[in-house]
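Below is one structure, written out as structure tokens; the observations come after it.
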Amino acid sequence: MCGIVAYIGEKNCVPILLEGLQRLEYRGYDSAGLALVKDGELGVYKKAGKVAELVRSLDSMNGTLESTLGMGHTRWATHGEPNDVNAHPHWDNSKEIAVIHNGIIENYQAIKTKLLQDGHTFSTATDTEVLAHLIGAMYEKVGDLCSAVRLALSEVDGTYGIVVLSKRHPDRIIAARKGSPIILGVGEGENFVASDAAAIVDHTRQVVYLEDGEVAELTREGFRTMTIDDVRTEKVIEEITFDISQIERGGYEHFMLKEINEQPETIRDAMRGRLLVDEGDVMLGGLQHVMGRLLSARRIIISACGTSWHAGLVGEYIFEQIAKIPTEVEYASEFRYRNPLVNIDDVLFVISQSGETADTLAAMREAKRKGATALGIVNVVGSTIARESDGGVYVHAGPEIGVASTKAFTSQLTVISLIALMLARQRGMTKEDGVALARELESLPEKARQLLKNTEMIKAIAEEFKNAKNFLYLGRGANFPVALEGALKLKEISYIHAEGYPAAEMKHGPIALIDENMPVVFVVPKDAIYEKVISNLEEVRARRGRIIAVANEDDHEIEGLAEFVIRVPRTYGFFGPILNVIPLQLLSYYMAVARGTDVDQPRNLAKSVTVE
Ligand code: AGP
């Protein structure tokens, strides 16, 4: 949701912090701020709007800001509207301590009431300011910053990723996490804290991932970690694998367009070192130790949110048709609260690009509590879901900066296909059948590359319909979730209302919407139910709906039926969504560009929803 970056060392940290915040802005943004400790003073500078607004306000100040100890924050509001006052950092009552925070303090009202009774005065509506005051109150009691943070956090319910500075302690940073990621960056004579490695990868690749319930104290010389109860913990220093060029836009106008065009490579990367084509088999190291549980599973449950939930819906077709394992899909936000009938015989796959989505993490924890084996299909290495799962598979899509998920989705589908093929071969699929599927999977990156060359038709469609008020997306079978995903993409970046629906279901109500003003996108590959979808398409034509078809290259019948045809290469039905979604990603992108919306950071959205 929000972005955190902090520095302690010998350099002027202001440019380091501002650049780090700009790298994190996609994670959540409606205000930003810095806190700097220098010469016994604690300066706080914060501004509503994007990081650029903060930079402008700092530039307008007299003299240049300098400090060797500081922290920065970009905020996505959860309590209190986005404005200068509610922006982080927040002071304690004494204005000697500053706090930045990702997450939600659920019992902040009760804490605030007690602090008010103790004479504290507050200037904001935020839960974070209450936490800052609580830390300050504890500091007054114990006189040690790290102890004060631990004592305060022991009274807190909710989630947090925090960094704390004090003007009385120019030699240290305190950080802590519970439910919101915190990474320590280890340097030479300098150390960092961040909510995402992207903020510090320019300065160090040596990182330490804090676990929930851990607190860290960093100095210029090093760091130590402990639990809330002051029990020392030992940490492993790990290496960041991606480089900064993967984060930069690479010449594309938007991160989203770059990531759509990366898909031939990212689909290939999802299979790299895992797909054994000549054996018609798959090797997934992260699942070997749970293979017995997987093969004996009564059923597979998939739980996720948003685009990842759509990947789960496709996964149901893939697991049942390839691995022959009963599979059901659940919204994570529903699953976590409905006391699901889950037990040791079940395997839960949670799908998450960020690996930090609160509802998905909670769904996984609930399934584990009930004895199920919980496995992650995750993009961000070292993320909470990845580390708390019983195993899983990284999708290796690289950093996905655009808030609208694209390459992560097709990589999720690719990984699901690998898992299904691996299970199918373990459950008796012949080598010959396995080789056929493996070869088709191996052909997908090139098919995606070919598909991405033909964007002129998609740009023309976007220009034609950029002022549409509504869109309907229709598909059947494994392409019904593709219709849902196409609709979500359009909604979230162009702000046009769009609905995905099973093609046959359209006549049970939504057909009332069809007239000459309603663009209807059909995902209609030449598969076993092609004729059925054509019947649905005819029903729309009969009511003068404007038809856009995503159809195979060798489908000539469609020319006479649809006003616009976007061509996609043929593949097996259950692999089709990996290709069929790409034109819909591009359509939503060009519609958004035509409408002038903020493609990479759409209004109201955040890249990782780490709150309920
Ligand atoms: C997708 O375009 C959206 N940004 C959103 O629905 C996202 O898929 C959802 O929040 C789940 O995120 P996750 O994959 O990181 O868990």
Side-chain angles (χ1 to χ4, degrees), residues 1-6 17 21 24-25 27-37 41-51 53-58 61 70-140 145 148-149 152-153 155-167 174-176 178-180 195 604 606 610-612:
M1 298 285 285
C2 310
I4 279 181
V5 59
L17 298 177
L21 291 182
L24 292 176
E25 198 168 17
R27 286 174 59 92
Y29 44 81
D30 51 46
S31 55
L34 296 183
L36 303 172
V37 174
E41 291 306 323
L42 170 63
V44 170
Y45 314 88
K46 49 191 188 173
K47 194 76 184 158
K50 303 251 170 106
V51 174
E53 294 301 318
L54 175 65
V55 172
R56 266 193 284 277
S57 70
L58 295 176
M61 290 171 58
M71 63 184 180
H73 184 269
T74 55
R75 177 177 184 245
W76 188 69
T78 56
H79 292 75
E81 66 177 64
N83 59 31
D84 294 4
V85 171
N86 287 337
H88 299 201
H90 289 289
W91 273 297
D92 75 326
N93 212 42
S94 70
K95 292 208 179 340
E96 295 187 351
I97 292 173
V99 175
I100 55 177
H101 166 229
N102 288 350
I104 291 182
I105 307 300
E106 295 184 353
N107 61 336
Y108 81 99
Q109 291 287 17
I111 295 171
K112 186 168 186 174
T113 301
K114 186 170 180 320
L115 290 170
L116 285 166
Q117 289 165 356
D118 294 346
H120 287 240
T121 56
F122 292 87
S123 50
T124 80
T126 66
D127 56 334
T128 304
E129 188 187 13
V130 172
L131 177 59
H133 280 239
L134 183 61
I135 291 169
M138 294 300 179
Y139 185 79
E140 291 305 314
L145 192 58
V149 171
L153 294 178
E155 295 194 12
V156 155
D157 296 331
T159 59
Y160 53 80
I162 62 168
V163 180
V164 182
L165 299 182
S166 164
K167 74 178 191 178
I174 310 298
K178 181 186 173 193
S180 284
S195 50
N604 307 342
T610 54
V611 294
E612 288 198 51

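Here the straight-line distance linking atom CG of N86 with atom CZ of R75 works out to 5.0 Å at 0.5 Å rounding. Taking CD1 of I105 as the reference point, atom CD1 of I162 lies at 7.5 Å (rounded to 0.5 Å). Note that CG of L153 and CD1 of I135 are 6.0 Å apart. Values are rounded to the nearest 0.5 Å. Considering CG of N93 and CZ of F122, their distance stands at 7.0 Å, rounded to 0.5 Å. Here the straight-line distance linking atom CD1 of I4 with atom NE2 of H101 works out to 8.0 Å at 0.5 Å rounding.
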Going by atom type alone, with no hydrogens or angles, which donor-acceptor pairs under 3.5 Å involve a side-chain atom of residues 110-117 and a protein atom two or more places apart or on another chain?
residue	atom	partner	partner atom	Å
K112	NZ	T124	O	3.4
T113	OG1	Q109	O	2.9
K114	NZ	D118	OD2	3.2

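With sequence neighbours excluded, the residues forming a ring-ring contact (aromatic ring centres under 6.0 Å, His included) with H90 are H88, listed by chain and number.
Sorted by first and then second residue, the salt bridge (charged side-chain N to carboxylate O under 4.0 Å, His left out) pairs with a member in residues 86-97 read E96-R168; sequence neighbours excluded.
For T610 (side chain) and S180 (main-chain N/O), no donor-acceptor pair under 3.5 Å exists by modelled atom type. A distance-only check finds a donor-acceptor pair linking the side chain of N107 to the backbone of D157 [under 3.5 Å]. Of the possible donor and acceptor atoms, none in the side chain of D84 sits under 3.5 Å from a partner among the backbone N and O of K46. Judged by distance alone, with hydrogens and angles left aside, the side-chain atoms of K47 form no donor-acceptor pair with the main-chain N or O of A32 at under 3.5 Å. In this structure a side-chain-to-backbone donor-acceptor pair under 3.5 Å is missing from T159 to G103.
With a 4.5 Å cut-off on side-chain heavy atoms, L131 and D127 do not count as touching. Two residues are said to be in side-chain contact when any heavy atoms from C-beta on lie closer than 4.5 Å; L21 and L34 meet this criterion.
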